[in-house]
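Okay, structure first, notes after.
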Amino acid sequence: MLFTSYEFVAFICLAFLLYYLVPKKAQWALLLLASYGFYAFSGLSNLIFIVSTTLVTWGVGLWVSKIRRASESYLAIHKEDLTKEEKKAYKAKEKKKSFSVLCLGLAVGFGILAVIKYTGFALSNVNSILGTFGVEQKLSIPDFILPLGISFYIFQSMGYLIDVYRGRAEAEKNIAKFALFVSFFPQLIQGPISRHSDLAPQLYGEHSFNGSAFFSGLQRMAWGYFKKLVIADRILVGMKTILGDTAEYRGAWALLLILAYSVEIYADFTGGIDITIGIAECFGIKLKENFNHPFTSKSTKEYWNRWHITMGSWFTDYIFYPLSVCRPMQSISKKSRKLFGNAIGKRIPVYIATIVTWFLTGLWHGAAWNFIVWGLLNCLVILVSQELEPLYQKFRKAFPRLSSSKPYGAFMAARTFLLMGFIRSLDCYRDVPTTFSMWLSVFTVGNYGELFSGKMAEVGFDAANVIIIVLATATVCLVNALLVKKGCDLRQSLADKPFLSYSLFALVIVAIIIFGAYGAGYDASDFIYGQF
Amino acid sequence: MKKILALCIALLLIFAVVGCGDETPKGDDVLKLNFYVMYKGEQVKVGVEAKDIIPKLGEYKSEDGEACGTNEKDVIYTLSGIEIETHVSGESEIIRQIKIIDDSQTTVEGITIGSTRDEVIAAYGKVYTEGSSGAIRYEGDASAIEFHFGSSGNVSNIYIKRR
Amino acid sequence: MKKKIIAAVCAVLLAAVLLFATHLLVMPKYIENPEGRLVGEYYSQAGDNDVLFLGDCEVYESFVPAVLWEKYGISSYVRGSSQQLIWQSYYLLEEMMEKETPKAVVFNVYAMKYGEPQNEAYNRMTLDGMKWSSSKVGAINASMTEDESLVDYVFPILRFHSRISQLTADDFKYFLGAPEVSDSGYLMQTAVRPMTTTRTGDDLFDYNLPSVSFEYLDKMRELCEKKGAELILIKAPTNHWKFWWYDEWDKQISDYADESGLDYINFIPLCEEIGIDWSQDTYDEGMHLNVSGAEKLTDYFGKMLSEKYAVPDRRGESELSSAWQTRVDKYYERKNTEK
Amino acid sequence: MEELLEILGELHPDVDFETTDGLIDDGILDSLDMVTLITEINERLDVSIPPEEIIPENFNSADALWALIEKLDEI
């Protein structure tokens, strides 16, 4: 069920109504019912996966925490009569046991994801390798339809398991409550990926109706719908034609696509997250922010601290750090420092960890070479800029006034925006070679005149459409500028001026209804991240 | 504790079996053919833009049938041996039906006006549906072919229609 | 707290006004193809009609209520619309029967060849003109294609909002509504384009008319019986391969009429007798009659209605005849200006 | 404690670790330094800092870091 469908609007109104009617103790149960109702809507066969993930994660979580508690109580009892070494040995043994149980849970969880999402991709690669060696018969590739949001709820569950193993989260005993944590419907489609310690207490807590909080949640939702329907879906209509015929639309059109896709995916993704956070806010639940004005970032590293924050922190906490401090990596670090000296030596483990993390991030985005190359390119840019850091510092020292001036800041932001735009267009094109040839064509084919010819209308960007997109994007930039300048939450500062905030809210709703790209005229498109 | 995990693993096995079990029914009952007619070396198919095909087919007569209430219309192009019916809506004119009207044209499978019912069944197989008019119809992927029989029992008209 | 309530009310009003203005702006005005305005024009003459016509373009291009009144004193209305499907005809009848007690209901059976929803554009042209009633809801539910939803009918702006970027001068000119285009439901066509084609309809794979059509015909019959009106099935005269009336269909209708004791009149073979000349009396080469053909057919059928079906001549009633006099004058004025 | 200061000094000689307490928040230590720091500590102070302890609170100042090391050491 898409966020932008009539069914969802009806569903959400009903959910809000029941949520505040049902006794507070049962509110979480209602959320669970709503979540499974929402999920069943996307196809009953998908339920198998989310149910099995929930069961396995819940079971393994309990088992791991049982081992941990047993070892802690044992150590507490025998605190005096065990020497330090014995205690350490016992702790290591218990840790190993709970670690092996954790690995079992992770293997099952990631196993489900791998089987469903990547078998097709893996087999097709095997086939192509077989093909190069002239082997005729090919493996038949089963096409699994990707269950809704599987990448998100599996990552969230696995994150929970690791947190329980590390003692940062309490294993949930009640399976129904845990099922809600895994399947909380607003974040099913595209995250954010929440941590058990943040989300669970709020989910099971009791929430009484608070008018202003509810209204501020509605405002956030309306803002999300505005970005999604008035900007993202309108641009998508035009993009489809450009993407459909790469031979025809090259050079200037490729650049147009890159810029259009940057705005489109920003509006689509942040809009979707606004809706998700808005819905949660109406339920009295605070979800983590997933974006922090990404297009103001002056470097790629900063960009990835502002874009899809919960994914970034997930990969950092559960992939990057464990990988960079695990024993094998430490021995590499020791050896490399011995061989290449301190400067290079200390970089190698971090580089390996970074590359592996970015490879997995790319793979997680999609089962295709486009996404893997996308991940590795991002990694390359980050590592290169890390190396050039001393150079930047020298530059900043040499021109202190210039480097801290506003225009230079704007230049860096624009540079990062363009760089990210180019790399991100790997998502759109069919395959990597096409994308690279498109990038090249931007500089070689000089057909920028065509952008102002009738062809724009042909593609779908007719005058009226462009005007609406530009005006809507300008409003979004204006609001973002206010948010950045004001620092505090815009909605709070409006709270005491009801006339202004209510009429603005009404205007946003009216703009969505009139200028939104929805309904029979347009085929309602999934959230870009929806098919994950 | 062991029970819980055993339960989980068992459940996983079930889903694995269920998940990969349902292969889509293969089988030759659905003809994967797309029916078309070869006319002056051109492949005339349904569901394609008329402007790509019709100009290449030589001279023709055409008749309009406007729809009431909208500016859409149907057009029938009469060529030697075949008639092509299109539907015009806005700029697009899609071929909707090809009709073989005399024995100067045959289907790719070699059937024409006057062929017998058995010849048709021999050429297209036994899997067809029969209409109240006694006509028989073979469903293809995106098109279907119909053979209508006159009083003599032989083929009187052949239609290739969009599915 | 009071301030908040006032603010909220103002905001709601603001939104309502903006949405309603946009609604009026983006609603299709049906100026080039006026068929979209026919169904709505009935309400100005609802209430006292002895004969009601129902059906698709064949019906609103064949019968002229002004002539029926002028020659036979019959008060009638043609509630036709483009590709009016049979269930739409039934629900329109149901709506009219709430307030009217006609002597005769005339239904053109051509649309019975459609057994399932056909096309959104035609649905909107027929249904958007109806006032909201249980009949309208019934008609919508029976007519919707898959990508239509009831919400788009309750709030048409949700469907037509995308027209905001394709507005024309007509949208602003007829912002508050367009002038009446029909004469009691008859859409005048004065052009003359003689019939040229001799082609007949293609062979059909299945000549059986859909069973759902007969179900709705039964419902119509029961409704007319309940209200004491005579249901007359007709097939308006057409002579073109696009509106071909197959003999097999004709037989099924006449069999049904005999079984259920209804009259069924197929005007096609009667064209000679009526005096319809396909080189003069059609505006689109034989598909529909133009005004001269329609007047001939209406005169012929008016005689039948008054003699065979005893539809009363009410030219004596002063109030009704003055109302009809204005309609007849308007009809002739339109006939002279459009020629 | 001295040995810890020595390791920190090797990484960033220009920073006075005894007084500053915002190593992470002020961006003095980035992920590159963190990993090297942890490897050094594990190796020279015979302790193994698990990944879950890699949180800003523990690394923001030398004292916090030393507290972490002691906690890991005396169990």
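Here the structure is a predicted model, which means the values were calculated and not measured.
Ranking C:F243, C:W241, C:Y122 against chain B, the residue ahead of the rest is C:W241, based on heavy-atom pairs under 4.5 Å. Among C:D284, C:T197, C:T196, C:L187, the residue making the largest number of heavy-atom pairs under 4.5 Å with chain B is C:T197.
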Pair B:E66-C:R193, salt bridge (Lys or Arg N to Asp or Glu O under 4.0 Å): steps then yes or no = CA-CA 13 Å; B:E66 289 117 6; C:R193 271 169 54 210; 3.3 Å; yes

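A donor-acceptor contact shorter than 3.5 Å links the side chain of B:S133 to the backbone of C:L204. Under the 3.5 Å distance criterion, the side-chain polar atoms of B:Y159 are matched with a main-chain donor or acceptor of C:D203.
Interface remark: C:Y246 contributes no atoms to any contact with chain B (heavy atom separation under 4.5 Å). Contact annotation for C:D56: neither backbone nor side-chain heavy atoms come within less than 4.5 Å of a heavy atom of chain B. Neither the backbone nor the side chain of C:Y30 has a heavy atom closer than 4.5 Å to any heavy atom of chain B. For B:E130, the part lying near chain C is the backbone, with the side chain staying farther off; criterion is any non-hydrogen pair under 4.5 Å.
Residues C:R199 and B:I76 come closest through the heavy atom pair NH2-CG2, 3.5 Å. Closest heavy-atom contact between B:T70 and C:N33: CA-ND2, 4.0 Å.
Within a 6.0 Å sphere centred on NZ of C:K113, other residues, nucleotides and ligands contribute more than 12 heavy atoms. Atom NZ of B:K40 sits in a crowded spot, with more than 12 heavy atoms from other residues, nucleotides or ligands closer than 6.0 Å.
The NE2 atom of C:H288 lies 4.5 Å from the SG atom of B:C68; values are rounded to the nearest 0.5 Å. Atom CG of C:D202 is separated from atom NZ of B:K161 by 7.0 Å, given to the nearest 0.5 angstrom.
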